[in-house]
**Q** 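My structure is below; once you've seen it, I'll send some questions.
This is a predicted model, so every value here is computed, not measured.
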Amino acid sequence: MKNKIVVFVITLLLLAPNLSFGFQQPQKVKTTNLNLKKVKGQKKRNVIFILTDDHRYDFMGFTGKVPWLKTPHMDKMAAEGAHMKNAFVTTSLCSPSRASILTGEYSHVHTIVDNVAPNPGNLTFFPEYLQKAGYQTSFFGKWHMGDHNDSPRPGFDRLGKLCWSRRLLCAQS
């Protein structure tokens with residue numbers, strides 16, 4: 001009987017890691033140094049980061065995999081910039097994946113584990129480094145991560161929404 005009780009208590013502790021049992025849980029505090037080392041003689045480059053959801057890896061004109069598909073602007077960016085042709089996500093849901101890309105952390109670390117979990121407030125998003133380096137940053141598209149409002153997002157000076165018309169993609173700010 002003693003062995004069963006010990007197993008039950010261990011199982012309870014494993015299944016309920018957020019229970020405090022009278023002990024204070026440690027709080028995460030955001031203490032990130034955002035200063036980046038400057039490289040002498042290098043000019044500041046423009047950065048355009050495009051993240052698409054549910055997008056096949058080869059569904060762009062420049063890949064040549066879909067003969068009828070025309071994406072001239074994306075083709076030009078791939079030719080003059082960088083195209084990550086062997087990139088993978090760690091989480092198949094869009095918000096946890098987006099949070100991982102923006103923070104460099106796995107979802108069990110940043111705690112955005114589904115499409116409604118909020119930003120816990122202690123995360124550092126890579127655009128915050130760009131802001132500190134003097135870049136103007138903007139975010140267009142869906143954010144999720146618990147915030148269903150138009151408040152500023154961490155690391156972004158401007159928040160816009162994408163709207164679709166029959167033939168035109170437009171940005172609203």
Side-chain angles (χ1 to χ4, degrees), residues 10-21 23-36 45-60 62-63 65-66 69 71 73-74 77-78 81-133 135-164 169-173:
I10 291 172
T11 305
L12 177 64
L13 289 173
L14 290 174
L15 292 176
N18 292 327
L19 295 178
S20 66
F21 296 105
F23 298 102
Q24 195 70 330
Q25 292 288 331
Q27 298 296 317
K28 291 183 180 180
V29 177
K30 185 174 181 176
T31 58
T32 304
N33 178 0
L34 297 176
N35 293 320
L36 298 176
R45 299 187 181 259
N46 292 325
V47 178
I48 299 174
F49 176 75
I50 298 174
L51 173 66
T52 59
D53 263 340
D54 303 321
H55 188 261
R56 243 174 60 175
Y57 76 98
D58 61 352
F59 223 68
M60 292 163 281
F62 64 88
T63 66
K65 300 285 183 174
V66 184
L69 184 62
T71 57
H73 300 297
M74 291 180 79
M77 285 192 289
H83 168 242
M84 311 301 178
K85 62 183 176 180
N86 200 22
F88 301 91
V89 295
T90 60
T91 310
S92 60
L93 292 171
C94 56
S95 291
S97 180
R98 186 179 303 110
S100 291
I101 291 167
L102 290 170
T103 64
E105 297 178 342
Y106 290 106
S107 60
H108 72 279
V109 176
H110 60 61
T111 70
I112 298 172
V113 295
D114 58 29
N115 288 336
V116 294
N119 174 358
N122 63 339
L123 302 177
T124 301
F125 295 98
F126 82 83
E128 293 179 74
Y129 291 98
L130 295 173
Q131 283 180 318
K132 183 71 175 177
Y135 283 88
Q136 293 181 18
T137 58
S138 298
F139 181 90
F140 294 92
K142 64 181 180 178
W143 181 260
H144 283 173
M145 294 190 256
D147 298 317
H148 301 289
N149 56 48
D150 292 333
S151 64
R153 305 298 188 226
F156 296 101
D157 301 312
R158 183 172 171 215
L159 176 66
K161 294 180 182 179
L162 295 179
C163 61
W164 292 95
L169 174 65
C170 57
Q172 297 176 336
S173 57

**Q** To the nearest 0.5 Å, tell me how far T137 OG1 sits from F126 CZ.
**A** 9.5 Å
**Q** Give, for atom CE of M77 and atom CD1 of I48, the distance between the pair rounded to the nearest 0.5 Å.
**A** 6.0 Å
**Q** With heavy-atom distances below 4.5 Å as the criterion, would you say the side chains of H83 and F62 are in contact?
**A** yes
**Q** Answer whether the closest heavy-atom distance between the side chains of F140 and S138 falls below 4.5 Å.
**A** yes
**Q** Just verifying a value: how many Å separate N122 CG and H110 NE2, rounded to the nearest 0.5 Å?
**A** 11.0 Å
**Q** Below 4.5 Å, heavy atoms only, C-beta onward: do T124 and L34 meet side chain to side chain?
**A** yes
**Q** Is any side-chain heavy atom of E105 less than 4.5 Å from a side-chain heavy atom of S100?
**A** no
**Q** Do you know which two heavy atoms are closest between S107 and P96, and how far apart they sit?
**A** CB-CB, 4.2 Å
**Q** Closest heavy-atom contact between T103 and A99?
**A** OG1-O, 2.7 Å
**Q** Measure the SG-CD1 distance between C94 and I112 for me, rounded to the nearest 0.5 Å.
**A** 11.5 Å
**Q** Considering non-hydrogen atoms only, spot the tightest contact between N119 and F125 and give its length.
**A** ND2-CE1, 3.5 Å
**Q** Once you round to the nearest 0.5 Å, how far does OH of Y106 lie from OG1 of T91?
**A** 9.5 Å
**Q** Side chains of N115 and S95: do they bring a donor and an acceptor to under 3.5 Å?
**A** yes
**Q** How far does CG of D157 sit from CD of Q136, to the nearest 0.5 angstrom?
**A** 6.5 Å
